[in-house]
Amino acid sequence: MKFDFTSNKDIFSSELILFSAFNKQSKLDISHWPSDIAKVFYNIKSSFLYNGKMSETFFFNLTSGTTVMIYGLGEKEKLNWETLRKEMAKTYKAIKLTNSSVTIDIAQFAIKKQFDKTIQTICESFLLTAYEFNKYKTLNKDKTPTKLEIINFHLPPKSGLRPANLKSLITNTETIVSAINFSRDLSNEAPNILHSENFAKIIAEDAKLLKKVKIKVLTQKEIEKEKMNLFLAVNAASQYEARLVELSYTPSKVTKNTKHIVLVGKGLTFDTGGLCLKPASSIENMKYDMTGAATMYAAFKACCFLNVKTKVTCLLGMTDNTISASATLPDAIIKSRKGTTVEILNTDAEGRLVLADLLDYACEMHPNYVIDCATLTGAILVALGPEICGLFGNNDKLISDITKSAKNCNEYIWHMPIIEEFKSDLKSNCADLRNLGTSRNGGASKAAAFLEHFIKNDVAWAHLDIAGVAGSQSHLPYCPSKGASGLMIRTLIDFISGHA
Ligand SMILES: [Zn+2]
């Protein structure tokens, strides 16, 4: 997809022009249109049926051969960025098979005359919506290929907008969305292809393109040397070695005030539940259990391209959780990297075991913040539904900053509690900790309470439980209706780039 700009008065030489319409007191409002075009529209007999309600479209042709598509945005006062993002996704789907180019009159879609943010939002929406995962479909005979390639933004005259600035805005948006789409690809990949060894290879190869980044891939032996026994207990039955990918980005200018953020991602390439085997109905889609790692890598990658002023480290723990004679037994007691002993009562509560050793390792770097991201619990879906990301942590400022970033990006996040009672519910009869609470109640919070145990050196920590939001988001037209959503990456990028 190519984006271009024109402030040429003659937009009626284009193939397709996109105009907006609003609905004011139940009536059509197109008062912002050029009067000659409005005249043509009103001359059309069926035009009286159209009233500019949300998502309502109307097409008509001009004598120049140009098609005008009118897109209804409802009440003008109620239009917000997320609505614009969603409605533009629908627009893209409506024209992608029938048109090769479209000219969008930006002034007609701008919210409060914020032309640059409007361009960015449309660009983001189109690129997110254009994503497809169809590399394994060999029979594509019935599929009509996307034709839409050129998006022309028509800038309002005397807007003061400089195409050079807008181009860099678009480049940044393309960088962010391509990282999101890369993470969607990783998550959607089949688990027989994307096992831990391959996952690490793909990330290490991709990270070679990043500047100012050091790449370290810890092998099974090196993970053993690090005494990450909880992580290794999850890997015990695997035919593949565990991998810990460590990427560190250092900005060009580092002072004693430069912040350091460590991102930690859960990369369970497949989760059978281990010996506490999942039933067939819930084992399906367990390839997505590595989405925390894909999310963190995407955020890291975009931040490197955006040259953020923060030092960022990315730690990705990769393994599957399978079954063999060497699988970790329920009731096993394992000594973590930190030294805490953990009684593994349920082998399906494995993500927290991988994260525990990684968080301990992360805190040793004495960073300002550690943020982990994981498809950690089914309980977060019970609590918040699949639309909202659960946010936990030990630091109010960090929680409030991440919440603000989510708001900036129109992504849903909700602060969840970790109370003392949840921590004491994790006491084991025969070890220091059990790997899950004594009942299912409060499961997402108790998983977070388990993680908090491994935070040391007074590091400010936040945990994102994306078990809900990582998957299909049918309410968001800019996410694929089935498969990885790529949500929370924009939020993380906003947070990191705001913390110089
Ligand atoms: Zn599990």
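Order of listing sets the numbers, starting from 1, for every ligand and every atom in it. Hydrogens, waters and symmetry mates are skipped; everything else that's a heavy atom, side chains included, is used.
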TODO: Could I get the full list of ring-ring contact (aromatic ring centres under 6.0 Å, His included) partners for Phe454, not counting sequence neighbours?
DONE: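 Scan of Phe454 (ring-ring contact (aromatic ring centres under 6.0 Å, His included), adjacent residues dropped) gives Phe450.
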Task: Any residue meeting ring-ring contact (aromatic ring centres under 6.0 Å, His included) with Tyr288, in chain and number order, not counting sequence neighbours - done: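 Counting only residues at least two positions away or on another chain, Tyr288 forms no ring-ring contact (aromatic ring centres under 6.0 Å, His included).
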TODO: Would you tell me whether Asp432 and Thr341 have side-chain atoms, one donor and one acceptor, within less than 3.5 Å of each other?
DONE: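 Asp432 vs Thr341: donor-acceptor pair found between side chains.
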- [ ] For the pair Tyr240 and His195, name the ring-plane relationship: parallel under 30°, tilted 30 to 60°, perpendicular over 60°.
- [x]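 Because their plane-to-plane angle is under 30°, the rings of Tyr240 and His195 count as parallel.
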- [ ] Report, as a single number, the protein N, O or S atoms less than 2.8 Å from the Zn ion (ligand 1).
- [x]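 Those protein atoms number 4 in total.
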Task: Selection residues 124-133 - residue pairs positive for salt bridge (charged side-chain N to carboxylate O under 4.0 Å, His left out), sequence neighbours left out - done: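 Qualifying pairs, neighbours excluded: Arg85-Glu124, Lys96-Glu132, Glu124-Arg490, Glu132-Lys143.
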- [ ] Indicate yes or no: does Asp372 engage Lys266 in a salt bridge with an N to O separation below 4.0 Å.
- [x]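 No salt bridge links Asp372 with Lys266.
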